[in-house]
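Report on one structure; see the data block that follows.
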Protein chains: 2
Amino acid sequence: MIESKVTELLKKTQLSVTDGRRRILELFLQHEGALSHGDIEKKAGEKFDRVTVYRTLQAFLEKGLIHSIPSSDNSIRYALCKDDCSDGHHQDDHVHFICNRCGNTTCLEEVVVPSIKLPRGYSAQQVEMLVSGICKSCGGA
Amino acid sequence: MIESKVTELLKKTQLSVTDGRRRILELFLQHEGALSHGDIEKKAGEKFDRVTVYRTLQAFLEKGLIHSIPSSDNSIRYALCKDDCSDGHHQDDHVHFICNRCGNTTCLEEVVVPSIKLPRGYSAQQVEMLVSGICKSCGGA
DNA sequence: ATAACAAATGCAACAAAGTTGCAAAAAGAA
DNA sequence: TTCTTTTTGCAACTTTGTTGCATTTGTTAT
């Protein structure tokens, strides 16, 4: 049951279990792809205030439940983290894929971001790789 | 002289040469890093309307004068393209670096984005690599 | 189970960012 | 210079994101 998993996840991250948080976490678990703030606002229905969504995403981010995915269209997406992320310490070394047809953003957990050599003087703290193209579902090519 | 280069660039891309476009292009040539809409609005002073900045960036993008750089903070940056970009056909295969200290975003022209193997069913059209950390100027480590 | 406390929510009021239509102004061509 | 096309600025608006505060809800200890 998804219900119990949601509650378990919230408990594990020391977040108090509220309707809003349960609902939003549920969305992430069901959806399988990344969600933007707007997506969530729409899907969660009118049951929750816009502000609550902002604050919930913020809380999830800080607790390492989700990670954010940059974008070129001013709409950051969020996706569930794997278990080895916690308290803002993300271990997300996978590639993100943005489909130009369906618009979905997904985590390619199995594709690891390759390491690169930076010019002298630069030091890297985080690397993000964003691939756009046609995804598996749309690729009837 | 930078003046002439600006005009030359605009002519080459078949954009009519106006004060606003000259000024904004000038900013890009002077600044050496990437600029967000907000940056430009501030730097260009009150001389130009907000709307003009939007439209100018849009035009520059379409003509391949600049390319956009995704971000995790809802503020897309733009940077000059090299000569081999034209009319929406970007050839920007370099890594972008975001400094966590000074906040600047720069193009690491000399670092090429490595190619990766995607899972079966996915096809890539564009790859973006975003590295954040400490840049050369800030790296007094 | 309930009282006491802490935390989250909703609301309202903003601030900031982005969009659109249209008349005036400036650029480009003849 | 004059005509035509493009760009600009303005106004009005929509969307997105933020903050403070009173109310409600969850949590903990009794």
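Numbered from 1 within each chain, the chains take letters A, B, ... in sequence-line order. Just the heavy atoms: all of them, side chains too, but no hydrogens, waters or symmetry mates, feed the values below.
When hydrophobic residues (I, L, V, M, F, W, Y) are linked wherever their side-chain heavy atoms come within less than 4.5 Å, the members clustered with A:Ile69 are A:Ile98, A:Leu130.
Here OH of A:Tyr78 is found 11.0 Å from CG of A:Leu35. Values are rounded to the nearest 0.5 Å. Residue B:Ile134 holds its CD1 atom at 4.0 Å from CZ of B:Arg101, rounded to the nearest 0.5 Å.
Using a 4.0 Å cutoff to heavy atoms of chain B, the contacted part of DNA chain C runs 5' to 3' from C:dA17 to C:dG28.
The bend of the helix from C:dA1-D:dT30 to C:dA30-D:dT1, defined by the angle between the axes of its first five and last five pairs, stands at 40° to the nearest 10°.
In the hydrophobic cluster analysis, where Ile, Leu, Val, Met, Phe, Trp and Tyr join through side-chain heavy atoms closer than 4.5 angstrom, B:Leu108 is grouped apart from B:Leu80. Linking ILVMFWY side-chain heavy atoms closer than 4.5 Å, directly or via other members, places A:Val53 and A:Val17 in a single hydrophobic cluster. There is a path of hydrophobic side-chain contacts, each under 4.5 Å, that joins A:Leu29 to A:Ile40.
The CD-C1' distance, from B:Glu46 to D:dC10, rounds to 16 Å in whole Å. As rounded to whole Å, 17 Å separates atom P of D:dT15 from atom CG of A:Asp73. What separates NE2 of B:His37 from P of D:dT16 is a distance of 17 Å, to the nearest Å.
Using bins of under 30°, 30° to 60° and over 60° for the plane-to-plane angle, the ring pair A:His94/A:His67 lands in the perpendicular bin.
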- Query: When you check every protein heavy atom under 4.0 Å of nucleotides 22-30 of chain D, what one-letter string (B, S, -) results, 5' to 3'?
  - Reply: ----SS---
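Among the protein residues, B:Arg21 comes within range of the sugar-phosphate backbone only, with heavy atoms under 4.0 Å from sugar or phosphate atoms but none that close to a base. Contact annotation for A:Arg55: base contact, defined as any heavy-atom pair under 4.0 Å involving a base atom.
Residue pairs meeting the salt bridge (charged side-chain N to carboxylate O under 4.0 Å, His left out) criterion with at least one partner in residues 26-47 of chain B, sequence neighbours excluded, are B:Arg23-B:Glu26, B:Asp39-B:Arg77. Annotation: ring-ring contact (aromatic ring centres under 6.0 Å, His included) contacts involving residues 10-53 of chain A, sequence neighbours excluded, comprise A:His37-A:Tyr54.
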- Give the intermediate values and the outcome of side-chain contact (heavy atoms from CB on, under 4.5 Å) for residues A:Leu15 and A:Arg21. CA-CA 9 Å; A:Leu15 286 164; A:Arg21 286 174 181 173; 3.8 Å; yes
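When each of A:Asn74 and A:Thr56 is assigned the nucleotide of DNA chain C bearing its nearest heavy atom, the one mapping closer to the 5' terminus is A:Thr56. Comparing B:Phe48 and A:Tyr54 by the nucleotide of DNA chain D whose heavy atom lies nearest to each, the residue mapping closer to the 5' end is B:Phe48.
For the residue pair B:Asn104/B:Thr106, the side-chain donor-acceptor check at 3.5 Å is not satisfied.
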